[in-house]
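Below you'll find the structure, written out as structure tokens, and then a few comments.
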Amino acid sequence: MNSVGEGCTDLKREYDQCFNRWFAEHFLKGDRSSDPCTEMFKKYQSCVQKAIKEKDIPIDGVEFMEQDKEKPDS
Amino acid sequence: MKIWSTEHIFSYPWETVIKAAMRKYPNPMNPSVVGVDVLDRKLDTDGRLHSHRLLSTEWGLPGIVRAILGTSRTVTYVKEHSIVDPEEKKMELCSTNITLTNLVSVDEHLLYRPHPDNPDVTILTQEAIITVKGVSLSSYLEGLMALSMSANARKGWDAIEWIIQNSERENVPLCDLY
């Protein structure tokens, strides 16, 4: 599967592989520690954000599952 | 506005179905999904995993609909928010299109949970709200979209089964040694 940013696909695949392993072998088995893929994700995420900006994809302004959102204190 | 809903039973335990649902793409049944990206992912204080993803899709709209909508844009983007609760054994997923929103919106909600009487079986309930805006024939188009939802839902179930079977196969030796 590709990334929306052509140049991000390798980073995505590396991250996906790391995440899928953690998800199956730790998370679903009740291990509460967070995933070990943070550094990979940061690199991948900044690549994707750049691509989204370049392609002008309107990812902001759409919110759902409002009840699950953290609301700022008022 | 048209509301569409359905239910499907997978003959696999919840964990197996969820693993497949999380890495559902790519699969041969949904060639229209050409890209999947994780925008954000975090664990909340209750230990639930939230994922925000961006799906790049090539919509298989009939030519006549494309003509009415007057769009030449072939890639439509869908934003998806999923929550996996490993304690409650519940996976919830909401998605909505974020482009072409002035013409049509398809909001989908999926819920995967174990069958209350049989832990080896997983129930998927699925509903969608389709709204075609600002064009004449909108109820005709909504009906058409609902029809394609049904066809796509079947593809989605087949996709999950396909992922399960193909990942199970990876764990099986290629040939049995006597």
Side-chain angles (χ1 to χ4, degrees), chain A residues 1-38 40-71, chain B residues 13-27 30 33-56 75-87 89 91-101 105 107-109 167:
Chain A
M1 186 44 63
N2 293 328
S3 169
V4 67
E6 287 79 8
C8 313
T9 299
D10 286 346
L11 291 171
K12 171 199 152 55
R13 289 188 182 156
E14 194 188 0
Y15 165 73
D16 276 352
Q17 205 175 10
C18 177
F19 169 81
N20 285 334
R21 189 174 304 138
W22 170 81
F23 185 76
E25 293 171 13
H26 296 273
F27 181 73
L28 283 182
K29 291 186 176 161
D31 181 350
R32 288 287 158 270
S33 56
S34 47
D35 71 84
C37 321
T38 324
M40 274 178 226
F41 184 62
K42 274 186 200 155
K43 274 191 236 163
Y44 163 49
Q45 197 180 26
S46 70
C47 185
V48 168
Q49 278 165 355
K50 224 172 113 195
I52 286 171
K53 223 174 212 169
E54 278 164 15
K55 296 191 179 201
D56 208 14
I57 303 168
I59 57 157
D60 298 316
V62 179
E63 296 297 343
F64 30 75
M65 287 202 199
E66 286 291 332
Q67 70 275 17
D68 294 305
K69 270 183 57 196
E70 289 157 35
K71 299 224 164 60
Chain B
W14 184 81
E15 285 83 358
T16 307
V17 174
I18 296 317
K19 265 189 269 178
M22 287 298 275
R23 49 196 183 99
K24 186 173 162 190
Y25 306 109
N27 69 69
N30 301 107
V33 177
V34 294
V36 177
D37 281 296
V38 182
L39 299 173
D40 195 21
R41 183 168 265 157
K42 58 174 186 283
L43 286 168
D44 69 15
T45 46
D46 297 324
R48 303 181 308 169
L49 180 72
H50 292 249
S51 307
H52 292 269
R53 301 199 302 181
L54 177 71
L55 272 55
S56 313
V75 180
T76 302
Y77 296 99
V78 173
K79 208 168 144 182
E80 182 196 88
H81 178 192
S82 65
I83 305 172
V84 182
D85 188 334
E87 294 282 330
K89 294 201 176 193
M91 176 175 178
E92 219 177 336
L93 189 150
C94 279
S95 70
T96 190
N97 58 306
I98 56 168
T99 50
L100 295 184
T101 46
S105 70
D107 297 311
E108 215 182 347
H109 178 237
S167 57

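All chains are named by letter (A, B, ...) in the order of the sequence lines, taking the proteins before the strands, and each is independently numbered beginning at 1. Basis for what follows: all heavy atoms, side chains included, without hydrogens, waters or symmetry-related copies.
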Residue pair [X] / [Y], side-chain heavy-atom distance below 4.5 Å:
X: A:N20; Y: B:K19; value: no
X: B:R41; Y: A:C37; value: no
X: B:I18; Y: A:F27; value: no
X: B:H52; Y: A:I59; value: no
X: A:D16; Y: B:R23; value: no

Quiz item: What are the two closest heavy atoms between A:Y44 and B:V36, and how far apart are they?
Solution: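 Minimum heavy-atom separation between A:Y44 and B:V36: OH-O, 3.9 Å.
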Practice problem: Select, from B:V84, B:D40, B:V38, the one with the greatest count of heavy-atom pairs under 4.5 Å involving chain A. | Solution: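 Greatest number of close heavy-atom pairs with chain A: B:V38.
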Could you grab the distance from atom [atom1] of [X] to atom [atom2] of [Y], nearest 0.5 Å is fine?
X: B:I98; Y: A:D60; atom1: CD1; atom2: CG; value: 8.5 Å
X: A:S34; Y: B:L43; atom1: OG; atom2: CG; value: 6.5 Å
X: B:S56; Y: A:K55; atom1: OG; atom2: NZ; value: 7.0 Å

Quiz prompt | Part of A:V48 lying under 4.5 Å from any heavy atom of chain B | solution =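 The side chain, not the backbone.
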Quiz prompt | Heavy-atom contact with chain B under 4.5 Å, split by part of A:F41 | solution =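 For A:F41, the contact with chain B is made by the side chain alone.
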Quiz item: Is the number of heavy atoms from other residues, nucleotides or ligands under 6.0 Å of A:D31 CG greater than 12?
Solution: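 Buried by this count: over 12 neighbours within 6.0 Å.
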Quiz prompt | Region of B:V34 in contact with chain A, defined by heavy-atom distances below 4.5 Å | solution =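 For B:V34, the contact with chain A is made by the backbone alone.
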Self-check item: Side chain, backbone, both or neither of B:L39 within contact of chain A (heavy atoms, under 4.5 Å)
Solution: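 Both parts, heavy atoms under 4.5 Å.
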Practice problem: Carefully, step by step, assess A:F19 and B:L49 under the rule side chain to side chain contact (heavy atoms under 4.5 Å, CB included). | Solution: CA-CA 12 Å; A:F19 169 81; B:L49 180 72; 3.7 Å; yes
Quiz prompt | A:S3 backbone acceptor or donor facing B:D37 side chain under 3.5 Å | solution =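 Here the side-chain-to-backbone pair does not exist.
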